[in-house]
Number of protein chains: 2
Amino acid sequence: MQISSRFTIAVHVLVCIETFKNDYKVTSDFLALSVNVNPVVIRRLLQQLKKAGIVNVVRGSGGTSVEKPLDEITLLDVYNAAECVEEGALFHFHENPNQLCPVGKNIHAILDTRLEEIQRAMENEMKSVTIQDVINDAEKLIKIK
Amino acid sequence: MQISSRFTIAVHVLVCIETFKNDYKVTSDFLALSVNVNPVVIRRLLQQLKKAGIVNVVRGSGGTSVEKPLDEITLLDVYNAAECVEEGALFHFHENPNQLCPVGKNIHAILDTRLEEIQRAMENEMKSVTIQDVINDAEKLIKIK
DNA sequence: ATTGGTTGTAATAATTATAGATACATCTAT
DNA sequence: ATAGATGTATCTATAATTATTACAACCAAT
């Protein structure tokens, strides 16, 4: 299984909001067209990003804006906001291992620390990239085409 | 979404094979009891580990053994063998972004390098832990209990 | 204050992925 | 031959995700 597409969609959404902020009112329908998903998916995601203090969504008249300096939003912030993995645990454990087996009984304790370290390595890398970095990449690429 | 439990099951299986190799014939039924899943799930997984050269499965008379020195099997080897993510890509992309939108058209190119780096950070950490390390942890914990 | 366009959210359906279960041919050692 | 395993196909069940529909709540402009 892969990490939910909510993550890449969230980044896509943030890049769009920033890219088009001067030329369009960036609504959930507008974003849904660019991402090519149902507008409700976008609205739900925007709510999550809003709760995390990353974006502001204007009720009634509509539109979205980024709430924080772009270089203070890391990919990890977006990842956490979008809740891409259950309860922050990257690895899925098989449930109910046999408690009568010494390995089954201890498998969680055996693996937990190691798995946490792996997860932390990933999250640290995510923390090192900001949305500003991504937008810089985006501007370069869009100009070429 | 989380990474498939096939990964933790695979590690569990390897620890079992090693722990019980002198006292039991470790069959798919035996392993299925410890992990508490259907024996077919174990057999399918063993086939994947076998293809990767990690274990040997004895047809007919039954039983399983580890094929390589334990300190030469990394968690990354097991992870790759178990095919926990589709085509090796950790992050799931939303499909068919709008090609008429400059952001939608380029979102893949914009994000690919960054996502690869994040994935690589995780994989490097996985590479640094061997099954021998895990079994050392296991032996310590099992003794205490 | 009505209207048009939008968000927020519930409810439900459709889709996809995973795991479970059954069945049985195949194999090996005895 | 037989008993006990594996290898694998097929089908079902379960779970998770995403899509869709619907509509109340909301805001700004006229």
Side-chain angles (χ1 to χ4, degrees), chain A residues 1-10 12-13 17 20 24-33 35-52 55-65 67 82-87 89-98, chain B residues 1-10 12-13 17 20 24-33 35-52 55-65 67 82-87 89-98:
Chain A
M1 294 272 260
Q2 298 174 297
I3 289 171
S4 168
S5 62
R6 265 202 304 284
F7 176 57
T8 54
I9 293 176
H12 184 147
V13 159
I17 293 174
F20 298 115
Y24 299 91
K25 179 166 72 168
V26 183
T27 65
S28 61
D29 276 34
F30 180 98
L31 291 166
L33 272 175
V35 177
N36 194 24
V37 293
N38 194 286
V40 174
V41 172
I42 299 290
R43 289 189 210 141
R44 283 199 276 244
L45 182 57
L46 285 173
Q47 287 309 306
Q48 296 187 273
L49 294 173
K50 185 181 173 184
K51 266 188 203 121
V55 304
N56 187 249
V57 189
V58 182
R59 201 170 182 172
S61 55
T64 311
S65 56
E67 221 16 26
E83 290 174 355
C84 299
V85 298
E86 279 90 282
E87 301 177 15
L90 179 60
F91 294 97
H92 184 200
F93 251 97
H94 48 294
E95 274 140 46
N96 311 321
N98 189 340
Chain B
M1 293 272 261
Q2 298 174 297
I3 289 171
S4 169
S5 62
R6 266 202 304 284
F7 176 58
T8 54
I9 293 177
H12 185 148
V13 160
I17 293 173
F20 298 115
Y24 299 90
K25 179 165 73 169
V26 183
T27 65
S28 61
D29 276 34
F30 180 97
L31 291 166
L33 272 175
V35 177
N36 194 25
V37 292
N38 195 286
V40 173
V41 172
I42 298 291
R43 289 189 211 141
R44 284 198 276 243
L45 181 57
L46 285 173
Q47 288 307 307
Q48 295 187 271
L49 294 173
K50 185 181 173 183
K51 266 188 203 119
V55 304
N56 186 250
V57 188
V58 182
R59 196 162 188 178
S61 55
T64 310
S65 55
E67 229 2 38
E83 289 173 357
C84 299
V85 298
E86 280 89 280
E87 300 177 15
L90 180 59
F91 294 97
H92 184 201
F93 250 98
H94 47 295
E95 273 140 47
N96 312 319
N98 190 341

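As the structure is a computational prediction, the values presented were derived from the model and not from experiment. Every chain is numbered from 1, with letters handed out A, B, ... down the list of sequences.
- Checking the phosphate oxygens (OP1, OP2) of C/dT7, a side-chain nitrogen or oxygen of A/S28 falls inside 4.0 Å.
- Looking at heavy-atom distances under 4.0 Å, B/G62 makes contact with sugar-phosphate atoms alone, never a base.
- Residue A/Q47 has a polar side-chain atom (N or O) positioned under 4.0 Å from OP1 or OP2 of C/dT9.
- Listed candidates were C/dG20, D/dG7, C/dT6. Nearest to the side chain of A/K25 is C/dT6.
- Nearest nucleotide to the B/R59 side chain, out of C/dG8, D/dT18, D/dG7: D/dG7.
- Between B/R6 and C/dA19 there is a side-chain polar atom (N or O) within less than 4.0 angstrom of OP1 or OP2.
- Across all strands, B/R44 comes closer than 4.0 Å to base atoms (heavy-atom distances).
- Under 4.0 angstrom from either OP1 or OP2 of D/dT18 there lies at least one side-chain N or O belonging to A/S5.
- Within the structure, the side chain to side chain donor-acceptor pair (under 3.5 Å) test picks out the following pairs touching residues 89-98 of chain B (sequence neighbours left out): A/T8-B/H94, A/H12-B/H94.
- Residues passing the ring pair (Phe, Tyr, Trp, His ring centres under 6.0 Å) test with A/F20, sequence neighbours excluded: A/Y24, A/F30.
- For A/T27, the side-chain atoms get nearest to C/dT6 when compared with the rest of D/dT6, C/dT6, D/dT21.
- An OP1 or OP2 oxygen of C/dA21 is reached within less than 4.0 angstrom by a side-chain nitrogen or oxygen of B/N38.
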